There are 2 protein chains.
Amino acid sequence: MAAAESSYKDKKVITIGIVRELTGLSERQIRYYEERKLIFPDRTPGGSRKYSFSDIELLMEIANKIEDGVQTYEIRQEMIREKRAMDKKTHHKMIQGQLNAQFGIQKR
Amino acid sequence: MAAAESSYKDKKVITIGIVRELTGLSERQIRYYEERKLIFPDRTPGGSRKYSFSDIELLMEIANKIEDGVQTYEIRQEMIREKRAMDKKTHHKMIQGQLNAQFGIQKR
DNA sequence: TTTTATGTGTAAGGTTTTCTAACACAACTG
DNA sequence: CAGTTGTGTTAGAAAACCTTACACATAAAA
């Protein structure tokens, strides 16, 4: 049963400096992956980025793929494919909201 | 089995502004409760405070008690008592590390 | 009832953190 | 070769934090 799960994992509350520390990536890299639409932090009213633990995990996966020579464009395609696959099959699962938020209709 | 549990809940990665937002408390209050030794954030190398989700929960409990007229001093006593009770009984449990870190020997 | 302690607000001045934009460049890719 | 990718770095500005201090209404203690 266990309902929606407020889960800390997906709450966007971590600033980029901490993310840098936790992932070992440079802020430049983190922002660049956002530019390439691989990651979608929230923002404070003032404009500072806020990430979740999920985002951090995702960033580390991205970093691995990049190291393996995979390009951001390809990574994005994979992610979109994965999301679609999940939409069809597991139609109401946890990660759902996560990915939906990221690849859904970007409210410009 | 399930070992130590890296758990996001206790990782100190949230800055005070976000804590303010999540708890509804003012930064002044949050810092004051620290001064009264009710909460123990980590610090970045630069000196900014970092809190965990546990800290946030704790802060909300504190806020409730304060509203009920309980003084910070009493709250602290309660917390110390609770910690001791747990030390005796549940001798190696999750929350352990959490509380220990907070009420253990403060390395001045 | 004076005196002291508690809990918060607010202001000042100073650092740290973050942001965007731009230039540079090596290593690919087409 | 011309264009793209992924990062570093710099520069200037804005946001977020920090500490210290003064004020003050309440509440607790002497």
Side-chain angles (χ1 to χ4, degrees), chain A residues 11-53 55-56 58-80 106 108, chain B residues 11-53 55-56 58-80 106 108:
Chain A
K11 277 214 146 152
K12 305 212 178 217
V13 297
I14 310 177
T15 53
I16 199 166
I18 309 273
V19 175
R20 174 176 40 62
E21 213 172 89
L22 263 37
T23 61
L25 297 171
S26 69
E27 298 188 9
R28 181 67 165 92
Q29 289 175 303
I30 299 170
R31 296 202 189 96
Y32 179 66
Y33 301 152
E34 175 182 355
E35 187 182 317
R36 302 317 305 270
K37 299 194 198 304
L38 298 182
I39 188 123
F40 304 86
D42 278 359
R43 297 281 186 141
T44 64
S48 293
R49 275 167 262 251
K50 296 185 297 182
Y51 303 85
S52 67
F53 282 111
D55 290 333
I56 289 176
L58 184 50
L59 278 170
M60 302 207 291
E61 287 177 36
I62 293 171
N64 284 334
K65 294 187 183 170
I66 296 257
E67 274 190 82
D68 293 353
V70 186
Q71 294 187 198
T72 54
Y73 180 78
E74 300 175 47
I75 297 177
R76 174 155 167 80
Q77 297 311 310
E78 285 176 34
M79 287 171 74
I80 292 175
Q106 302 296 318
R108 52 165 349 278
Chain B
K11 278 214 145 151
K12 305 213 178 216
V13 296
I14 309 176
T15 51
I16 199 167
I18 309 274
V19 175
R20 175 176 40 62
E21 212 172 90
L22 263 38
T23 60
L25 298 171
S26 69
E27 298 188 9
R28 181 67 164 93
Q29 289 174 304
I30 299 169
R31 297 202 188 95
Y32 180 66
Y33 301 152
E34 175 182 356
E35 186 182 318
R36 300 318 304 273
K37 299 194 198 305
L38 298 181
I39 189 123
F40 304 86
D42 278 359
R43 297 281 185 141
T44 65
S48 294
R49 274 167 263 249
K50 297 185 298 182
Y51 303 85
S52 67
F53 281 110
D55 289 333
I56 290 176
L58 184 50
L59 278 170
M60 301 207 291
E61 288 177 35
I62 292 171
N64 284 333
K65 293 186 185 171
I66 296 258
E67 274 190 82
D68 294 353
V70 186
Q71 293 188 203
T72 55
Y73 180 78
E74 299 174 50
I75 297 176
R76 173 155 168 80
Q77 297 311 309
E78 285 174 34
M79 288 171 74
I80 292 175
Q106 303 295 317
R108 53 164 353 282

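It should be emphasised that the depicted structure is a prediction, and the values quoted were computed from it without experimental measurement. Chain A is the first sequence line, chain B the second, and so forth, proteins listed ahead of strands; every chain is numbered from 1.
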Novice: Just to confirm, is there a sub-4.0 Å distance from OP1 or OP2 of D:dA15 to any side-chain nitrogen or oxygen of A:T44?
Specialist: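 Negative; the distance criterion is not met.
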
Novice: Closest to the A:I16 side chain: D:dT7, C:dC19, C:dG9?
Specialist: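 Side chain of A:I16 sits closest to C:dC19.
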
Novice: Counting N and O atoms only, with roles assigned by atom type, does the side chain of B:K12 sit under 3.5 Å from a partner on the main chain of B:F40, one being a donor and the other an acceptor?
Specialist: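 Yes.
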
Novice: Go through the steps to decide whether B:R43 and B:K50 satisfy the test side chain to side chain contact (heavy atoms under 4.5 Å, CB included), and finish with yes or no.
Specialist: CA-CA 6 Å; B:R43 297 281 185 141; B:K50 297 185 298 182; 6.0 Å; no

Novice: Under 4.0 Å, counting only non-hydrogen atoms across every strand here, what does B:R31 touch: a base, just sugar-phosphate, or nothing?
Specialist: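 B:R31: base contact, heavy atoms under 4.0 Å.
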
Novice: Without swapping roles, check the side chain of A:R76 against the backbone of A:R36 for a donor-acceptor pair under 3.5 Å.
Specialist: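 Pair absent, no side-chain N/O of A:R76 close to backbone of A:R36.
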
Novice: Tell me, which of residues 62-72 of chain B have any heavy atom that sits under 4.0 Å from an atom in DNA chain D?
Specialist: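 Residues of residues 62-72 of chain B that come under 4.0 Å of DNA chain D are, in numerical order, B:Q71.
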
Novice: Do A:R28 side-chain and D:dT9 base share a donor-acceptor contact under 3.5 Å?
Specialist: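 By the distance-only test, yes, there is a pair.
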
Novice: Is A:Y32 close enough to D:dG6 that one of its side-chain N or O atoms is under 4.0 Å from OP1 or OP2 there?
Specialist: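 Indeed, a polar side-chain atom of A:Y32 lies that close.
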
Novice: Could you tell me how far apart A:I14 (CD1) and D:dA16 (P) are, to the nearest whole angstrom?
Specialist: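 Rounded to the whole Å, the gap is 17 Å.
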
Novice: Would you say a side-chain N or O of B:R36 is under 4.0 Å from OP1 or OP2 of C:dG7?
Specialist: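 Result: yes.
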
Novice: Establish, with yes or no, whether the OP1 or OP2 oxygen of D:dT7 is under 4.0 angstrom from a side-chain nitrogen or oxygen of A:Y33.
Specialist: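 Answer is yes, contact under 4.0 Å.
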
Novice: Which pair of non-hydrogen atoms, one from A:G17 and one from A:E27, has the smallest distance, and what is that distance?
Specialist: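 Scanning both residues completely, I find the closest heavy atoms to be CA-OE2, 4.1 Å.
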
Novice: For C:dT17, take OP1 and OP2 only and decide whether either is under 4.0 Å from a side-chain N or O of A:S48.
Specialist: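 Result: no.
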
Novice: Would you mind reading off the distance between A:E35 atom CD and C:dC19 atom P, rounded to a whole angstrom?
Specialist: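 Taking CD of A:E35 and P of C:dC19, I get 14 Å after rounding.
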
Novice: Determine: side-chain N/O of B:T15 to OP1/OP2 of D:dC17, distance under 4.0 Å, yes or no.
Specialist: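 Yes, such a contact exists.
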
Novice: Ignoring hydrogens and geometry, is there a side-chain-to-backbone donor-acceptor pair from B:D55 to B:S52 under 3.5 Å?
Specialist: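 Side chain of B:D55 to backbone of B:S52: a pair is present.
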
Novice: Looking only at the side chain of B:R43 (C-beta and beyond, no hydrogens), which of the listed nucleotides D:dT7, C:dT20, D:dC18 gets closest?
Specialist: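 So the nucleotide nearest the side chain must be D:dC18.
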
Novice: Going by side chain to side chain contact (heavy atoms under 4.5 Å, CB included), A:L22 matches just one of A:I18, A:L25, A:V19. Which one?
Specialist: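 Single pass found, and it is A:I18.
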
Novice: Measure the distance from OH on B:Y73 to P on C:dG7 and round it to the nearest whole Å.
Specialist: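 About 12 Å, once rounded to whole Å.
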
Novice: Calculate the interatomic distance between B:E21 atom CD and D:dA16 atom C1'; express it in whole Å.
Specialist: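 Distance check: B:E21 CD to D:dA16 C1' gives 12 Å.
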
